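The block underneath contains the structure these notes are about, expressed in structure tokens.
Please read these numbers as outputs of a predicted model, since none were measured by experiment.
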Amino acid sequence: MVRMPESRPYHHGDLRAALLANAERTLRERGKTALSLRELARATGVSHAAPGRHFKDKQALLNALALTGYERLAQTLDGADDPALPLQSRLTALARAYLGFAIDNAELLELMYARKHDPDASDQMAAAVDRTVGSLERLFAEAQKRGEIVEGDPEEITLVAAAVLHGSATLTATGMLTPEAALAGVDGLVHHMLHGLKPR
């Protein structure tokens with residue numbers, strides 16, 4: 001392996017975006033433990049001190065990666081949501097979008113859901129969770145007001161829905177389900193979630 005000199009230039013266009021892109025690539029290929037600011041600097045072609053201008057330490061980098069993931073998830077869910085659809089069709093579209101994101105970004109999703117975020121990022125993280133998971137809770141609360149689903153705490157209903165979807169994503173990540181089978185099963189998952197398993 002060729003050692004790069006320590007006196008590499010700082011300037012790199014949008015360094016923060018380049019660092020995050022390389023960090024996500026490392027996360028996908030080698031996992032969270034392989035991430036280091038020094039290695040990231042080397043991979044990005046800048047001096048080892050340059051990442052410090054954007055991330056005070058590895059945890060700050062992980063926080064930024066998680067926030068980037070939440071932003072992409074929010075865009076994915078926003079793109080799939082159609083309030084004009086009936087509830088089951090709307091939930092199915094959102095579930096399929098979430099599961100697709102989870103399958104394509106398994107390592108990033110694990111990082112997003114980790115509870116080891118720096119307190120400095122807690123407000124940003126709470127807002128990111130609200131924009132994604134919170135949007136599902138609001139959807140259930142609205143459906144309750146219209147009498148489309150049972151009464152109860154919308155947060156608990158959201159937890160059930162999240163557990164079902166995340167369980168399917170985990171089964172896919174561990175190879176028990178193929179991505180194709182997981183996505184094909186979304187209609188059934190949402191149907192059972194809305195209607196239960198009792199004979200009708």
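For Glu71 and Arg131, the salt-bridge test passes: some basic side-chain N is under 4.0 Å from an acidic carboxylate O.
Under the 4.5 Å side-chain criterion, counting only non-hydrogen atoms from C-beta, Arg90 is not in contact with Asp82. For the pair Leu136/Leu91, a side-chain contact is recorded, criterion being any heavy-atom separation below 4.5 Å from C-beta on. Put simply, the side chain of Met112 does not reach to within 4.5 Å of the side chain of Leu62, judged on heavy atoms. Side chains of Glu142 and Lys145 form no contact here, defined as non-hydrogen atoms less than 4.5 Å apart. Looking at Glu107 and Glu29, their side chains never come closer than 4.5 Å, going by heavy atoms from C-beta outward.
Smallest separation of non-hydrogen atoms from Ala102 and Leu109: CB-CD2, 3.6 Å. Residues Phe101 and Gly69 share a closest heavy-atom pair of CZ-O, 3.6 Å. Heavy-atom minimum distance, Met125 versus Asn63: CE-O, 3.9 Å. Thr76 and Ala97 make their closest contact through CG2-O, 3.7 Å (heavy atoms, listed as atom of the first residue, atom of the second, distance). Of all the heavy atoms in Ser47 and Ala41, the pair that sits closest is O-CB, 3.4 Å. Shortest non-hydrogen contact noted between Leu65 and Leu111 is CB-CD2, 3.7 Å.
The CZ atom of Arg16 sits 9.0 Å away from atom CG of Leu19, with the distance rounded to the nearest 0.5 Å. With rounding to the nearest 0.5 angstrom, the CG atom of Asp81 is 4.5 Å from the CG atom of Leu94. Taken from CD1 in Ile103 to CG in Leu177, the straight-line distance is 8.5 Å, to the nearest 0.5 Å.
Annotation for Gln144: atom CD counts as buried by contact number, over 12 foreign heavy atoms lying within 6.0 Å.
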List the steps, then state whether side chain to side chain contact (heavy atoms under 4.5 Å, CB included) holds for Val46 with Leu40. CA-CA 9 Å; Val46 294; Leu40 215 48; over 6 Å; no
Stepwise side chain to side chain contact (heavy atoms under 4.5 Å, CB included) check, Gln88 with His195: CA-CA 10 Å; Gln88 185 165 333; His195 301 289; 3.0 Å; yes
Show which side-chain atoms of residues 148-155 pair as donor or acceptor with protein atoms under 3.5 Å away, not counting sequence neighbours.
unit_1 : atom_1 : unit_2 : atom_2 : d
Glu148 : OE1    : Arg146 : NE     : 2.9
Glu148 : OE1    : Arg146 : NH2    : 2.8
Asp153 : OD1    : Glu155 : N      : 2.9

Below 3.5 Å, can you tabulate the donor-acceptor pairs from side chains in residues 20-28 to any protein atom, sequence neighbours excluded?
unit_1 : atom_1 : unit_2 : atom_2 : d
Asn22  : OD1    : Arg25  : NH1    : 2.3
Asn22  : ND2    : Thr44  : OG1    : 2.9
Glu24  : OE1    : Arg72  : NH1    : 3.0
Glu24  : OE2    : Arg28  : NH2    : 3.3
Glu24  : OE2    : Arg72  : NH2    : 2.7
Thr26  : OG1    : Asn22  : O      : 3.0
Arg28  : NH1    : Asp104 : O      : 2.7
Arg28  : NH2    : Asn105 : OD1    : 2.8

Taking distance alone, no hydrogens or angles, what donor-acceptor pairs closer than 3.5 Å link side-chain atoms of residues 162-172 to residues at least two apart or in another chain?
unit_1 : atom_1 : unit_2 : atom_2 : d
His166 : ND1    : Tyr98  : OH     : 3.3
Thr170 : OG1    : His166 : O      : 2.9
Thr172 : OG1    : Ser168 : O      : 2.8

With a cut-off of 3.5 Å and sequence neighbours excluded, list every side-chain donor-acceptor pair involving residues 179-192.
unit_1 : atom_1 : unit_2 : atom_2 : d
Asp187 : OD1    : Arg96  : NH2    : 2.5
His191 : NE2    : Arg200 : NH2    : 3.4

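Two different hydrophobic clusters hold Val129 and Leu159 under the rule that ILVMFWY side chains link at heavy-atom gaps under 4.5 Å. In this structure, Tyr113 is a member of the same hydrophobic cluster as Leu77, with clusters built from ILVMFWY side-chain heavy atoms closer than 4.5 Å.
Among pairs with a residue in residues 18-38, none fulfils ring pair (Phe, Tyr, Trp, His ring centres under 6.0 Å), at least two apart in sequence or across chains.
Using a 4.5 Å cut-off between side-chain heavy atoms of Ile, Leu, Val, Met, Phe, Trp and Tyr, Leu197 forms no hydrophobic cluster with any other residue.
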